Protein chains: 2
Amino acid sequence: MGTTQLDTVPEPKYWHLKTVLSEALDSEFAVGEILPNERELAARFGVARATLRQALEQLELEGRLQRRRGVGTTVAPPRVGVAVGDAEQAWPGTAADSWQAVDCLEAAPPAAVARLLGTPAGRPVHTVRRIRRTHGQPVAAELLYVPGHSVPGLAAIDTASGAARARTVLRELQRLALEGQDRAVELGSARAEDAKQLDRLPGAPVLLVTTRYFAEGATAAVAVATYRADTCRLTFGETGVQLLAAG
Amino acid sequence: MGTTQLDTVPEPKYWHLKTVLSEALDSEFAVGEILPNERELAARFGVARATLRQALEQLELEGRLQRRRGVGTTVAPPRVGVAVGDAEQAWPGTAADSWQAVDCLEAAPPAAVARLLGTPAGRPVHTVRRIRRTHGQPVAAELLYVPGHSVPGLAAIDTASGAARARTVLRELQRLALEGQDRAVELGSARAEDAKQLDRLPGAPVLLVTTRYFAEGATAAVAVATYRADTCRLTFGETGVQLLAAG
DNA sequence: GAGTGGTCTAGACCACGTA
DNA sequence: ACGTGGTCTAGACCACTCC
């Protein structure tokens, strides 16, 4: 093979910066510590502020840094593992989980969700909003879409509103026999509304977890949960942990 | 005057741009179609190129666009779902899966991996590299870390190298009884080496899937798979699909 | 009000793919 | 050789938090 790889591939400045900063974070900074501000860091490294920011953005994406407007840039704690897997092989809201119902409204779901539900596009469904917190911090915002036919008993008790109504929908849903579920994870950016609930700016990177709940041979509900990608590590199938603990 | 909060909260330009572009993509462009170049788009919308790029970056993050240096910006196809879940509740490389062994070397794993393996930091382990392809496109690059004690029979057949050696390690691993596994998904940015294999630039957003394999009451191996976040949707637990198909 | 990160501009040059 | 996206600069102003 002739291709000598020896060409000096000029590494971009921001990439090199990121490496240097990353090593400095490991050795010279403690979790929660405040870094010098962007203007000073840029000056110290002899680059434009925009270039420095490119490096900081990557480190934030990797969960190493946390930046807050008006406050500063701090060293982020390790990501928290949040269980998303079969541990909750049950309807949402069943046990005393870490979710908190916020409210419930009737609205037409996004086209992609309507397709999963098998309902006609534009048809309104019960839409339950929930928030998930860990150690007091919000980690996820969820929209749970429940077609009317999944909660037939609901019409009679239609008076409640807000969180109470959300809980009623969840309770009615649990009357169905759950036959299975289905999950997908992908990268997204936070919608303005979710961003506010997650204490982030709009467009922040998030992990979108789409769950389909099956009952009576059809899709009974679809949940789209928006997890903060900077602070969360989604964990699945905790079986092994118990094995280790037992051994 | 009671400061009514009705003040038009000035939406960032790039955010508005993103919305406009997103709608245009839905209605006026077909998958694979080439958009006008960045300089022309910026001029057309009356913004600086950097601002336009901010919008494009977000759309790329969401999997709506694909940008390639020297080529242009095209409308991305919908993300492909890649199964990561229990469907492969088995040792890696067991069946004729979509993975392809590349090579195998002896190297000290990252500290985080050494911790999961329970091996001393700095101790070299067998490191198998694999690539996963879907429809011909590379979607993931993986490093599988296998401590020597998990493949005791390997020393005798140490002669092979490259892909052959990688396959040997995988084969030896399958002699152990798999007792369970453990997965976590988080956001990361592609290391230079992975980026090359995935046909992306370094730093591109990726989904890191860390899998622990348990055998004989301990962690027998750890895999860190790097999935392209722009083109992939990770799917877990396909049980429901079969239910639907049967119903 | 002072200081922080977030947005935006109008340029320049570079690396890459293709013709 | 050309056109593309990628990197980089040196400024400016804005939105937010905290004092």
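Nothing here was measured: the structure is a model prediction, and the numbers come from that model. We use all heavy atoms of the structure for the numbers below, so side chains are in, but hydrogens, waters and symmetry mates are not. Naming convention: chains lettered A, B, ... in sequence-line order (proteins, then strands); numbering from 1 in each chain.
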Can you list, in residue-number order, the parts of residues 41-54 of chain A that come under 4.0 Å of DNA chain D, counting heavy atoms only? A:Val47, A:Ala48, A:Arg49, A:Ala50, A:Thr51, A:Gln54
So, with a heavy-atom separation below 4.0 Å from DNA chain D, the residues of residues 59-67 of chain B are B:Arg67
Could you list all the salt bridge (Lys or Arg N to Asp or Glu O under 4.0 Å) pairs where at least one residue sits in residues 71-80 of chain A, not counting sequence neighbours? A:Arg79-B:Glu186
No-hydrogen, no-angle side-chain donor-acceptor test under 3.5 Å, [X] and [Y]:
{"X": "B:Ser98", "Y": "B:Arg133", "result": "no"}
{"X": "A:Thr211", "Y": "A:Gln181", "result": "no"}
{"X": "B:Gln66", "Y": "B:Thr74", "result": "no"}
{"X": "B:Arg183", "Y": "A:Thr235", "result": "no"}

Nucleotide N/O of nucleotides 1-4 of chain C paired with protein N/O under 3.5 Å:
{"from": "C:dG3", "atom 1": "N2", "to": "A:Gly70", "atom 2": "O", "distance (Å)": "3.4"}
{"from": "C:dT4", "atom 1": "OP1", "to": "A:Asn37", "atom 2": "ND2", "distance (Å)": "2.8"}
{"from": "C:dT4", "atom 1": "OP2", "to": "A:Asn37", "atom 2": "ND2", "distance (Å)": "3.1"}
{"from": "C:dT4", "atom 1": "O2", "to": "A:Gly70", "atom 2": "N", "distance (Å)": "3.1"}

Whole-Å gap separating [atom2] ([N]) and [atom1] ([X]):
{"X": "B:Leu35", "N": "D:dT4", "atom1": "CG", "atom2": "P", "result": "12 Å"}
{"X": "A:His16", "N": "D:dT7", "atom1": "NE2", "atom2": "P", "result": "16 Å"}
{"X": "A:Ile34", "N": "D:dT17", "atom1": "CD1", "atom2": "P", "result": "15 Å"}

Plane angle bin for B:Phe236 and A:Phe236 - parallel if under 30°, tilted between 30 and 60°, otherwise perpendicular: parallel
Side chain to side chain donor-acceptor pair (under 3.5 Å) contacts in which one or both residues fall within residues 28-37 of chain A, not counting sequence neighbours: none
Within the structure provided, determine whether A:Tyr14 and A:Leu52 are in side-chain contact (heavy-atom separation under 4.5 Å). no
If each end axis of the helix from C:dG1-D:dC18 to C:dT18-D:dA1 is fitted on five C1' pair positions, the angle between them, to 10 degrees, is 20°
